[in-house]
There are 2 protein chains.
Amino acid sequence: MRPGGRSARVQQSVHQAVRDLEAERGRDALTVPLIATRAGVTPSTIYRRWGDLRELLSDVAVERLRPDAAPADQGSLRADLEAWIEQFAEEMSSSVGRTYIRDALLGDPEQGNAARCSDYAAEQLTAIGVRAAGRGEAVPGVEALLDAIVAPLMYRILFRPSDTSAAYTHGLVAAALDRR
Amino acid sequence: MRPGGRSARVQQSVHQAVRDLEAERGRDALTVPLIATRAGVTPSTIYRRWGDLRELLSDVAVERLRPDAAPADQGSLRADLEAWIEQFAEEMSSSVGRTYIRDALLGDPEQGNAARCSDYAAEQLTAIGVRAAGRGEAVPGVEALLDAIVAPLMYRILFRPSDTSAAYTHGLVAAALDRR
DNA sequence: AGCTTAACGCGAAGAAATTGCTTTTTATGG
DNA sequence: CCATAAAAAGCAATTTCTTCGCGTTAAGCT
């Protein structure tokens, strides 16, 4: 592996080309030759590095799913969770959000990219949990929060076009915190 | 749409070809022309009917994910749920199971096939619930069961290569039933 | 039975994927 | 600091897949 120099430039310009073309022509119009041309690279370079279009899109999708800020402090564990999951739901259930999730899941035989998505959520929840513990609040484990809050939401988004409103997500938070 | 006659035969032979070739050469070796030849059909027929390989694989995957029997009666709601989710987890977390889930999810812009997967689980849970209600047991709603039992399991399978053992799934059942 | 038209077959044209070979460039060790 | 081994990218030819127009077949309907 060569992390720097030309390789880095190629990766960057290819990723940028994907983002640009996605915005310009829509995701379904993306092809490897098209991306390669825009990035100033030959198609074989992309095929050799990423394998196929799906894996490339998967990489780009994971980057876009990375949270850009720490979860906001609302003063209490419950409020922090409610605010975070509400925003999370909004992003993920949108048309683009769903597409990114699916892309991240698909082009990824080794499950690595999907795991990174879950790690992002876990990191955010951990930050919320640490802050709450600092306040002296009782905090469920991250696993429990993933199971009770993130998983039901993602299941709905992926499998069932159904309610993902704040009313619903807040209910998930309540169920997670009010458990015996 | 023409459900019968030649169309039905084509669909059947194409689906059969997918299953056969999948077993013979592995899923990654599948291509539209290969499937078409095996099915005794021209490639353009497949492209016209299914659009692309992903949608075809999605259709086949959903069929294979359809439960083949009603959930077994273990004498109580808790035991029924435990037995059902345990078997469900075993099937879904296997290598083939995960592949089918991903295929069903991916080749499906309209979300129809993914929804059918969820419907299968909902049907099974409903059957268990109706039986338990007949015994006079208190039964959570299907939505609650999906959120509390199915969703966490599927999230783990899709996003995090982690524990999906009976110990874990039975814990999900306990959490679902012991909720206030 | 006859009619309409959805669905399939065929073949050509165009686009994308794969691969061997060459060239460039990075990282390392003298 | 240069030499060198090897990784990564470029190039081009080949193979394979995809799309599309047009003719043919056969469901479904009256």
Side-chain angles (χ1 to χ4, degrees), chain A residues 1-22 24-61 63 99 103 106-110 112-113, chain B residues 1-22 24-61 63 102-103 106-110 112-113:
Chain A
M1 268 294 295
R2 287 179 172 176
R6 181 167 65 168
S7 293
R9 280 196 302 278
V10 166
Q11 148 143 8
Q12 237 194 335
S13 76
V14 168
H15 276 214
Q16 189 61 46
V18 170
R19 288 188 289 266
D20 290 350
L21 289 169
E22 199 169 354
E24 284 174 29
R25 309 201 186 181
R27 187 189 161 290
D28 292 344
L30 297 183
T31 68
V32 171
L34 185 68
I35 295 165
T37 301
R38 170 66 66 103
V41 178
T42 60
S44 59
T45 294
I46 293 182
Y47 288 118
R48 286 219 164 86
R49 254 185 91 159
W50 281 277
D52 61 10
L53 179 60
R54 276 165 39 176
E55 289 188 43
L56 171 57
L57 292 184
S58 183
D59 281 358
V60 175
E63 280 198 9
T99 302
D103 282 343
L106 277 170
D108 180 23
E110 307 307 329
N113 284 343
Chain B
M1 269 292 297
R2 286 180 171 174
R6 181 167 64 167
S7 293
R9 281 196 302 277
V10 166
Q11 148 142 9
Q12 238 193 336
S13 74
V14 168
H15 276 214
Q16 188 62 46
V18 169
R19 287 189 289 265
D20 291 349
L21 289 169
E22 198 168 355
E24 284 174 29
R25 309 201 187 182
R27 185 187 164 294
D28 291 344
L30 297 182
T31 67
V32 170
L34 185 68
I35 295 165
T37 301
R38 171 65 67 101
V41 178
T42 60
S44 59
T45 294
I46 294 182
Y47 287 116
R48 286 217 166 85
R49 250 183 97 159
W50 281 277
D52 60 10
L53 179 60
R54 277 164 41 175
E55 288 188 45
L56 171 56
L57 293 183
S58 182
D59 281 358
V60 174
E63 279 198 9
R102 288 155 49 98
D103 282 344
L106 280 171
D108 181 22
E110 306 309 328
N113 284 343

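Heavy-atom basis, side chains included; hydrogens, waters and symmetry copies ignored. In what follows, chains carry the letters A, B, and so on, assigned in the order in which the sequence lines appear, proteins first and then strands, with residues in each chain numbered from 1.
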Margin query: So for A/R2 and C/dA27, does any side-chain atom that can act as donor or acceptor lie under 3.5 Å from a complementary atom in the base?
Written below: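 No, no donor-acceptor pair under 3.5 Å.
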Note to self: What I want to check is whether an N or O donor and acceptor connect the side chain of A/R48 with the base of D/dA8 at under 3.5 Å.
What the structure shows: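 Not at all, since no donor on one side and acceptor on the other fall under 3.5 Å apart.
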Check: Any side-chain N or O of B/T45 under 4.0 Å from OP1/OP2 of C/dG9?
Finding: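 Checking C/dG9 against B/T45, a side-chain N or O does come within under 4.0 Å of OP1 or OP2.
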Is any side-chain heavy atom of [X] closer than 4.5 Å to a side-chain heavy atom of [Y]?
X	Y	answer
A/L34	A/R25	yes
A/W50	A/V14	yes
B/S13	B/R38	no

Next item on the list: Measure across B/P33 and B/P43 and return the closest heavy-atom pair with its distance rounded to 0.1 Å.
Entry: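 Looks like CA-CG, 4.1 Å.
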Notebook entry, point to check: Can you name the nearest heavy-atom pair linking A/L30 to A/L53, along with the distance?
Noted result: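 Reported closest heavy-atom pair: O-CD2, 3.5 Å.
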In whole angstrom, give the distance that lies between atom [atom1] of [X] and atom [atom2] of [N].
X	N	atom1	atom2	result
A/W50	C/dT18	CH2	P	16 Å
B/R54	D/dC17	CZ	P	17 Å
B/I35	D/dC17	CD1	P	10 Å
A/D52	C/dT18	CG	C1'	13 Å

Next item on the list: Identify whether any heavy atom of A/R49 sits under 4.0 Å from a base atom; if not, whether one sits that close to sugar-phosphate; answer base, sugar-phosphate or nothing.
Entry: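 Since only primed, P, OP1 and OP2 atoms lie under 4.0 Å of A/R49, the category is sugar-phosphate.
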Notebook entry, point to check: Reckon B/P3 touches a base, only the sugar-phosphate, or nothing at all at heavy-atom distances under 4.0 Å?
Noted result: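 Touches sugar-phosphate only.
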Item checked: side-chain contact (heavy atoms from CB on, under 4.5 Å) partners of A/E63, counting only residues at least two apart ->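 If we apply the side-chain contact (heavy atoms from CB on, under 4.5 Å) test to A/E63, skipping adjacent residues, the hits are A/Q11, A/H15, A/R19.
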Check: With A/R6, which residues qualify under side-chain contact (heavy atoms from CB on, under 4.5 Å), at least two apart?
Finding: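 Testing A/R6 for side-chain contact (heavy atoms from CB on, under 4.5 Å), a comparison that skips the adjacent residues, returns A/R9, A/V10.
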Next item on the list: Verify whether one side chain among B/S58 and B/D108 offers a donor that lies under 3.5 Å from an acceptor in the other.
Entry: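 Side chains of B/S58 and B/D108: no pair found under 3.5 Å.
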Return the polar atom pairs (N/O with N/O) between nucleotides 11-16 of chain C and the protein under 3.5 Å, or none.
unit_1: C/dA16; atom_1: OP1; unit_2: A/T31; atom_2: OG1; d: 3.3

Check: With sequence neighbours left out, what residues match A/R27 under salt bridge (Lys or Arg N to Asp or Glu O under 4.0 Å)?
Finding: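 With sequence neighbours excluded, A/R27 shows a salt bridge (Lys or Arg N to Asp or Glu O under 4.0 Å) to A/D103, given in chain and number order.
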Next item on the list: Any chance you could encode DNA chain C as dot-bracket? Rule is Watson-Crick or G-U wobble with both distances under 3.5 Å; [ ] for pairs crossing earlier ones, | for another strand.
Entry: ||||||||||||||||||||||||||||||
Note to self: Using heavy-atom distances to pick each residue's nearest nucleotide on DNA chain D, tell me which of B/G51 and B/G4 is more 5'.
What the structure shows: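 Residue closer to the 5' terminus by nearest nucleotide: B/G51.
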Item checked: Spacing of B/L56 atom CG and B/R54 atom CZ [to the nearest 0.5 Å] ->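 Those atoms lie 12.5 Å apart.
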Note to self: So if I take residues 6-13 of chain A and measure heavy-atom distances to DNA chain D, which residues fall below 4.0 Å?
What the structure shows: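 Close to the strand are A/R6, A/S7, A/V10.
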Margin query: Just checking A/Q16: does its CD atom have more than 12 heavy atoms from other residues, nucleotides or ligands closer to it than 6.0 angstrom?
Written below: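 Yes - once you tally the heavy atoms of other residues, nucleotides and ligands closer than 6.0 Å, there are more than 12.
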